[in-house]
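Each ligand, and each atom within it, is numbered from 1 in the order the structure gives. Position 1 is the first residue of the sequence, and the numbers go up from there. All figures in this text were calculated on a predicted structure; none of them were measured in a lab.
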Amino acid sequence: MIQLPSSLLPIIKTLLDKGLRPVVVGGFVRDAILGLPSKDIDIELFGIKDLEALETLLAPFGKVNVVGKSFGVVKLQLDAIEVDFSIPRTEQKVAQGHKGFDVILDGSLSFKKAASRRDFTFNAMGYDLSSKELLDPFNGQKDLRERRLAFVDAETFVEDPLRLYRAVQFAARFDLQPTEALITLARKMVAEKMLEELPKERVFEEFKKLLLKSRRPSQGFRVLDIFGMLPYFPELLALQGVPQDPIYHPEGDVWTHTLMVVDVMSRLHSDDKEENLYLSLAALCHDLGKSNTTKKIDGRIRAIGHENTGVPLTEYFLERLSDEKALVEKILPLVKHHLKPMQFYKQGAKAAAIRRLANQVNISELVLLAKADYLGRTTLEARSGEFEAGVWLIQRAKELSVMQKPLPALLQGRDLVRAGLTPSKQFKVILDAAYEAQMDALFSTKEEALLWLKQYINEVY
Ligand code: ATP
Ligand code: MG
């Protein structure tokens, strides 16, 4: 059932020969049962005496690194793979905060006892490499089969509130429904403000898994809502109940639409994880502005200017989620311009407008966002899976060589110096005017650009 990389086998054999009981634990077992690829391997070693003994045993096989002394974890680097070996342990919360745990390492623990510190039943399974059997003391396999998200133990679960965010992403990744008991417990933890002690980086890591590793992140956002965690994300909460014109959005309110768009975006992901992340966050934020612009005008529901009011809302939302400034900078222009592909297509926008758009945002990424927005609905057109406006804009942007980046400026400061001008603040004004002229196609070669410059200087100065 469990397929370990062949480079690990001699190590396992040595451990077994020494009478120890290595058990593969955690995500690797879960993923194997689900038939999913998994790269992190965690092995708990029953029967081991202490950390030193563990280190000594592993040292002949590769680079050994004690990562969590108090947690009894030793990392072994084997060519490209990294395996965490650990001593069975129990954990008990003794103080506030994510790190306030008292850890007891004990190689003689039973598997069930050691597994009881884990969060969810499907993460508390083990594969015993000596008996070659699945150890499943909390019925994780059954829960996976029946699509249930259940905690191992209510009393210990509350000791680490990050588990609620883990629940959110696991629900989305493995298409699971939280049990009533988990929902009740989660709401209680939220009501007791336990989530407020969490460092934002840890929460963001779970958001990343939610957006990058699941086919339908919407499931996680629904769990976030069911658990009562949405008030921590007021910009998202504000989308609930905001109506939309049923002709364009038969699916319902802005929240419903947003979740559909996030799901479509997951299907549009490439191999570029960084890009996937900001595209999915842009999908999540693209209509935040509808919460403060939606009005009935002449009997129809409109959200005029939402792409602009959505920009500061997106900024507030993202700043609370992450300190990664570069990420935010990628997302804001996508939100601001998300309507452009459709508008440009309908208007038959001119080359100059497309060049100017490329100056503000990466067109190929913008088209992905607009496509997700278009398909993330229940309209008839959305069912076709085609986004004609995007096909058109991509074609035009390619013809104009501005698909991935803006037009490079033909005139630079040094050209102005060569034309006899002395560097000054005025340079920026001239270069901006030159770039505008270039986007309007008043010139398209360096020679023409220099002629234009001559004329410009004569006229203006
Ligand atoms: P992923 O595929 O996201 O890496 P994973 O289950 O491997 O999923 P890790 O965060 O790598 O998750 O943790 C490995 C194992 O350690 C988990 O399967 C779980 O049993 C246990 N674990 C990790 N974090 C927690 C936690 N906060 N509370 C309880 N158990 C945890
Ligand atoms: Mg893992």
Describe, in one word, how the ring planes of Phe170 and Phe122 are oriented to each other, choosing from parallel (under 30°), tilted (30 to 60°) and perpendicular (over 60°).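 Rings of Phe170 and Phe122: perpendicular, over 60°.
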Ligand 1 versus Met125, non-hydrogen atoms closer than 4.0 Å: side chain, backbone, both, neither?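 Within the 4.0 Å criterion, Met125 makes no contact with ligand 1.
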Per-residue contact class, Arg117 against ligand 1 - non-hydrogen pairs under 4.0 Å: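 The backbone, only.
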Is any NZ, NE, NH1 or NH2 atom of the basic residue among Lys209 and Glu206 found under 4.0 Å from an Asp or Glu carboxylate oxygen of the other?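 Salt bridge absent between Lys209 and Glu206.
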Check ligand 1 against [X] and write out every atom of the ligand that is under 4.0 Å from a heavy-atom position of the residue.
X: Lys209; value: 1 (P), 3 (O), 4 (O)
X: Arg118; value: 15 (C), 16 (O), 19 (C), 20 (O), 21 (C), 29 (C), 30 (N)
X: Arg163; value: 26 (C), 27 (N), 28 (N), 29 (C)
X: Gly26; value: 18 (O)
X: Arg173; value: 1 (P), 2 (O), 3 (O)

Residues which pass ring-ring contact (aromatic ring centres under 6.0 Å, His included) with Phe28, listed by chain and number, not counting sequence neighbours: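 Scan of Phe28 (ring-ring contact (aromatic ring centres under 6.0 Å, His included), adjacent residues dropped) gives none.
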Apply ring-ring contact (aromatic ring centres under 6.0 Å, His included) to Phe317 and list each qualifying residue two or more places apart in sequence or on a separate chain.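 With neighbours one apart ignored, the set is empty.
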Close aromatic pair by centroid cut-off 6.0 Å: Tyr374 and Tyr248: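 Tyr374 vs Tyr248: aromatic centres not under 6.0 Å.
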Among Glu307, Gln244, His257, which residue meets the side-chain hydrogen bond (donor to acceptor under 3.5 Å, both in side chains) test with Lys290?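 Result: among Glu307, Gln244, His257, Gln244 is the only option passing the side-chain hydrogen bond (donor to acceptor under 3.5 Å, both in side chains) with Lys290.
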Which residue from Asn123, Asp40, Ile41, Asp119 reaches closest to atom 11 (O) of ligand 1 through any of its heavy atoms?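 Comparing heavy atoms across Asn123, Asp40, Ile41, Asp119, the nearest one to atom 11 (O) of ligand 1 lies in Asp40.
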Candidate with minimal heavy-atom separation from atom 17 (C) of ligand 1, of Gln169, Arg30, Glu91, Arg166: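 Among Gln169, Arg30, Glu91, Arg166, the closest heavy atom to atom 17 (C) of ligand 1 comes from Arg166.
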Is the shortest side-chain heavy-atom distance between Leu321 and Leu281 below 4.5 Å?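 Yes - at least one pair of side-chain heavy atoms lies under 4.5 Å apart.
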Proximity flag Asp160 to ligand 1, non-hydrogen atoms under 4.0 Å: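 Heavy atoms of Asp160 do come under 4.0 Å of ligand 1.
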Got an N/O contact under 3.5 Å between Ala124 and ligand 1?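 No, no N or O pair falls under 3.5 Å.
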Testing Arg21, Arg117, Lys113 one by one against Glu44 for a salt bridge (charged side-chain N to carboxylate O under 4.0 Å, His left out), which residue passes?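 With Glu44 as partner, salt bridge (charged side-chain N to carboxylate O under 4.0 Å, His left out) holds for just one option, Arg117.
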